[in-house]
Amino acid sequence: MDDKARELLRSAIGSRALFYRAVFEEMRDEIGVELATTIMKRAIYKRGADIADNFSPYAPADLKGLKDAFLNFIPDAEQMFAPEVAECTDDSLRIHFHRCPLKESWQGAGIEGDELEHMCGMAGCVDKGTFGEAGFAIEVDTWKQGREGCCRLHITPGPAEG
C-alpha cells in the first residue's frame, strides 16, 4: 500500500473512532452512561457479526486457518495495527495488537485515561461479534491504562457443531 492510500485508510478509521465518540457522548448525555454503553456495545458487536461469514469456514477449530484469513483480511495490517501472533496452536490463538488507529485517533482528540479505556472497551465488541458469530470462543482484552499496545485477542475452538 502506498503512503497516500495508507493515510486515507488511517483517516477513515480515525473518522470512525470520532463518530463512535460523538454518538456515545450524545447518548450518554441523553440516557446515561450505562445504557449508552450497552447500546454502543450491542451495535458494535452487530457490526462485527456482519463480517463473521469471512471466518466461519474455519470454525469451530481451524485456528491456523483463521489466523491467516483474519490477518489477510485486515487492510494494511502491519502498519495499521502491528499484529503479533503470540500463540497459534490447535487449542489457542493469541494476537496482540501493538497499534490501533481508533485508539490513536481518540488520543489525538485528547481522550486519555478512563475515558480512553472505556472507548477501547466498547470498540472491542467488534471482535466479539466477528469471532463469536463465526463459531469460535473469544476473549477480548482491550487496552488498559499503563499497558503498551492495544487489544489482545484470545481465540479458542468454539462449540462443536451438533
Side-chain angles (χ1 to χ4, degrees), residues 1-29 31-52 54-55 66-88 92-134 136-156:
M1 179 175 284
D2 67 37
D3 290 342
K4 178 68 175 171
R6 180 170 290 124
E7 186 52 41
L8 289 171
L9 176 60
R10 186 175 303 286
S11 178
I13 296 171
S15 181
R16 184 177 102 205
L18 297 177
F19 177 75
Y20 281 1
R21 180 182 185 216
V23 169
F24 173 73
E25 288 178 343
E26 287 298 315
M27 287 194 306
R28 178 199 63 206
D29 293 348
I31 61 176
V33 69
E34 278 189 45
L35 186 54
T37 298
T38 297
I39 293 169
M40 286 293 292
K41 285 181 171 183
R42 194 169 57 224
I44 294 169
Y45 179 99
K46 286 180 181 177
R47 174 60 193 123
D50 287 345
I51 62 170
N54 291 288
F55 309 110
L66 174 66
K67 171 191 62 91
D68 293 339
F70 177 57
L71 294 177
N72 288 327
F73 180 83
I74 301 170
D76 201 25
E78 286 299 319
Q79 293 297 316
M80 292 295 119
F81 294 92
E84 171 194 352
V85 177
E87 178 181 30
C88 185
S92 178
L93 171 58
R94 292 180 186 273
I95 302 174
H96 299 172
F97 293 97
H98 294 279
R99 297 191 68 182
C100 175
L102 294 168
K103 179 181 159 220
E104 292 166 2
S105 181
W106 290 320
Q107 288 174 311
I111 299 171
E112 295 291 340
D114 290 341
E115 187 179 3
L116 180 59
E117 196 171 315
H118 188 81
M119 293 303 299
C120 289
M122 288 187 295
C125 288
V126 73
D127 296 310
K128 291 178 182 179
T130 298
F131 298 109
E133 295 299 321
F136 294 92
I138 173 92
E139 293 176 24
V140 180
D141 181 16
T142 56
W143 177 80
K144 305 287 186 286
Q145 294 179 64
R147 186 172 82 196
E148 293 296 316
C150 205
C151 293
R152 297 174 182 182
L153 305 182
H154 183 206
I155 303 165
T156 54

Hey, could you give me the NZ/CD distance between Lys128 and Glu133, rounded to the nearest 0.5 Å?
13.0 Å
In terms of heavy-atom contacts, does CD of Glu148 have more than 12 from other residues, nucleotides or ligands at under 6.0 Å?
no
Separation between CG (Leu9) and NZ (Lys4), nearest 0.5 Å, reads 12.5 Å
Flag the pair Glu78 / Pro83 as yes when at least one side-chain heavy-atom distance between them is below 4.5 Å, and no otherwise.
yes
Suppose we screen for salt bridge (charged side-chain N to carboxylate O under 4.0 Å, His left out). Which residues come up paired with Glu112, at least two apart in sequence or across chains?
none
dist Arg10:CZ -> Leu102:CG (nearest 0.5 Å) comes out at 11.0 Å
Step-by-step side chain to side chain contact (heavy atoms under 4.5 Å, CB included) determination, Thr37 to Met122:
CA-CA 7 Å; Thr37 298; Met122 288 187 295; 4.1 Å; yes
So, the side chain of Lys103 versus the backbone of Gly149: is there a donor-acceptor pair under 3.5 Å, distance only?
yes
With sequence neighbours excluded, residues passing salt bridge (charged side-chain N to carboxylate O under 4.0 Å, His left out) with Asp114:
none
Could you note down all residue pairs passing ring-ring contact (aromatic ring centres under 6.0 Å, His included) where residues 112-134 supplies at least one of them, sequence neighbours left out?
Phe24-His118, Phe55-Phe131, Phe70-Phe131
CD of Gln145 to CD of Glu117, rounded to nearest 0.5 Å, is 5.0 Å
Across all chains, not counting sequence neighbours, the side chain to side chain contact (heavy atoms under 4.5 Å, CB included) partners of Ala109 are Leu18, Arg21
Between the OG1 atom in Thr130 and the CD1 atom in Ile44, the distance rounded to the nearest 0.5 Å is 11.5 Å
Lys144 atom NZ: more than 12 heavy-atom contacts under 6.0 Å:
yes
Those residues that, when tested against Asn54, pass side chain to side chain donor-acceptor pair (under 3.5 Å) (two or more places apart):
none
Can you name the nearest heavy-atom pair linking Gly129 to Ala52, along with the distance?
O-CB, 4.3 Å
Side chain to side chain contact (heavy atoms under 4.5 Å, CB included) between Arg147 and Arg152, intermediate numbers included:
CA-CA 11 Å; Arg147 186 172 82 196; Arg152 297 174 182 182; 3.1 Å; yes
Those residues that, when tested against Glu26, pass salt bridge (charged side-chain N to carboxylate O under 4.0 Å, His left out) (two or more places apart):
none
Applying side chain to side chain contact (heavy atoms under 4.5 Å, CB included), run through Leu93 and Leu153 and close with a yes or a no.
CA-CA 8 Å; Leu93 171 58; Leu153 305 182; over 6 Å; no
Can you tell if the side chain of Gln79 reaches within under 4.5 Å of the side chain of Met1, non-hydrogen atoms only?
no
Please answer whether the main-chain N or O of Glu34 pairs with a side-chain N or O of Thr38 as donor and acceptor at a distance below 3.5 Å.
yes
Counting only N and O atoms by type, is there a donor-acceptor contact under 3.5 Å from the side chain of Glu87 to the main-chain atoms of Arg94?
no
Trace of the side chain to side chain contact (heavy atoms under 4.5 Å, CB included) decision for Cys120 with Trp106
CA-CA 9 Å; Cys120 289; Trp106 290 320; 4.1 Å; yes
So how far is it from Ile13 CD1 to Leu8 CG, rounded to the nearest 0.5 Å?
11.5 Å
Would you indicate whether the side-chain heavy atoms of Cys151 and Trp143 approach each other to under 4.5 Å?
no
Taking side chain as C-beta onward, heavy atoms only, is Gln107 less than 4.5 Å from Leu116?
yes
With heavy-atom distances below 4.5 Å as the criterion, would you say the side chains of Phe73 and Ile51 are in contact?
yes
